[in-house]
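Residues take their numbers from the sequence shown, with the count starting at 1. All values below were derived from every heavy atom in this structure, side-chain atoms included, with hydrogens, water molecules and symmetry-related copies excluded.
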Amino acid sequence: MKKQFAIIGMGRFGSSVAEYLGKLGYEVLAVDDNEARIQEISDRVTYAVQADSTDEDALRNLGIRNFDVVVVAIGQDVQASIMTTLILKEMGVPNIIVKAASELQGKVLAKIGADKVIFPERDMGRRVAHHLISPHILDYIELSEEHSIVEVRAGEAMAGQSLRELDIRAKYSCNVMGIRRGDKLNIAPNADEKLQEQDILVIIGENSNLTRLEKVVEQA
């Protein structure tokens, strides 16, 4: 049985999450106190309901505690975000994911019971910055304050060399998790596999070590 998701707040972030989950075939409840936003998302999700998420009775009537995951994607109204998270926690929602606009708000949300706090604007800013650093850095996903995953395009200097010859683990203390070539992803590739230009390496490591690696790739 597929997970059921409720997304509260149909701003750009919330509506994007709701729409994508809907496209993947999941049951999605979209909630917002703005009727126009509900009308806009209604044909892209399973249910779309206009409701005040700071009203406990309204959330109970929606059966919100029956959903596997509730995403609180309320934008700039910090008080509403905190109140909604508190109510969901008290109702026993099993997994509460909350969008935060600042580190301080994130700390408050974590203390009151959010299972995961996300920072879309901050994280996107970091990803864009890494794109700007080098055309070879295709994506950057922060796993924690210390560790991340990067996707690096193999340039001309890397082409024809094997992972053993590049020796990324020894030189940078980073691990190559996979190589994407066209539509195919090779998980845990053989150390003697020769790279081709335009191959994409999926690399995990500590942020400081990844930064050193990125600088070398940029100069390659």
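With hydrogens and angles ignored, the 3.5 Å screen pairs a side-chain donor or acceptor of Asp115 with a backbone N or O of Ile96. The closest donor-acceptor contact from the side chain of Asp32 to the backbone of Met10 lies under 3.5 Å. Remark: the backbone N or O of Gln196 is paired with a side-chain donor or acceptor of Asp199 at under 3.5 angstrom. Judged by distance alone, with hydrogens and angles left aside, the side-chain atoms of Glu165 form a donor-acceptor pair with the main-chain N or O of Ser162 at under 3.5 Å.
Heavy-atom contacts from other residues, nucleotides or ligands closer than 6.0 Å to CD of Gln50 number more than 12. Annotation: Arg44, atom CZ; neighbour count of heavy atoms from other residues, nucleotides and ligands within 6.0 Å is above 12. Surrounding CZ of Arg169 are at most 12 heavy atoms belonging to other residues, nucleotides or ligands under 6.0 Å away. Heavy-atom contacts from other residues, nucleotides or ligands closer than 6.0 Å to NZ of Lys194 number more than 12.
If you take CD on Glu151 and CD1 on Ile203, they are separated by 10.0 Å, rounding to the nearest 0.5 Å. Interatomic distance, Glu56 CD to Met91 CE, rounded to the nearest 0.5 Å: 6.0 Å. Of the inter-residue distances, the one linking Gln4 atom CD with Thr46 atom OG1 reads 8.5 Å to the nearest 0.5 angstrom. Taking CZ from Arg12 and CZ from Arg37, the interatomic distance works out to 10.0 Å, rounded to the nearest 0.5 Å. Between Ile149 atom CD1 and Asn175 atom CG the span is 11.0 Å, to the nearest 0.5 Å. Taking OG from Ser208 and CG from Leu213, the interatomic distance works out to 11.5 Å, rounded to the nearest 0.5 Å.
Linking Ile, Leu, Val, Met, Phe, Trp and Tyr whenever their side-chain heavy atoms come within less than 4.5 Å leaves Leu109 and Leu104 in two separate clusters. Connection of Val45 to Tyr47 is not established within any shared hydrophobic cluster, with ILVMFWY side chains joined at heavy-atom distances below 4.5 Å, either directly or through further cluster members. Criterion: ILVMFWY side-chain heavy atoms under 4.5 Å apart, direct or through other members. Under it, Leu210 and Ile168 are part of a common hydrophobic cluster. Val72 and Ile7 end up in different hydrophobic clusters when Ile, Leu, Val, Met, Phe, Trp and Tyr side chains are linked at under 4.5 Å. Note on Val71 and Val117: separate hydrophobic clusters, where clusters join Ile, Leu, Val, Met, Phe, Trp and Tyr whose side-chain heavy atoms are under 4.5 Å apart, directly or indirectly.
Among residues at least two apart or in separate chains, side chain to side chain donor-acceptor pair (under 3.5 Å) pairs with a member in residues 78-101 are Ser53-Thr84, Lys99-Glu121. Among residues at least two apart or in separate chains, ring pair (Phe, Tyr, Trp, His ring centres under 6.0 Å) pairs with a member in residues 5-45 are Phe5-Tyr26.
Side-chain contact between Val28 and Val17 is absent, with no heavy atoms from C-beta onward closer than 4.5 Å. Between Val176 and Leu166, the closest side-chain pair of non-hydrogen atoms is not below 4.5 Å.
Scanning all heavy atoms of the two residues, the minimum distance from Leu195 to Arg181 falls at CA-NH2, 4.3 Å. Of all heavy-atom pairs between Ser42 and Ala48, the closest is CA-CB, 3.7 Å. Contact detail for Asp52 and Ala58: the closest heavy-atom pair is O-CB, 3.9 Å. Smallest separation of non-hydrogen atoms from Ala73 and Gly14: CB-CA, 3.7 Å. The minimum heavy-atom distance between Ala30 and Ile38, with the atom names listed, is O-CD1, 3.8 Å. The two residues Lys2 and Asp68 make their nearest non-hydrogen contact at O-OD2, 4.3 Å.
Salt bridge Lys107/Glu103: absent, no basic N to carboxylate O contact under 4.0 Å.
Residues Ser148 and Asn207 bring a donor and an acceptor atom of their side chains to less than 3.5 Å of each other.
Scanning for side-chain hydrogen bond (donor to acceptor under 3.5 Å, both in side chains) contacts around Gln105 gives an empty result, with sequence neighbours left out.
The residue from Val70, Ile87, Thr54, Val93 that alone fulfils the side-chain contact (heavy atoms from CB on, under 4.5 Å) condition with Leu59 is Ile87.
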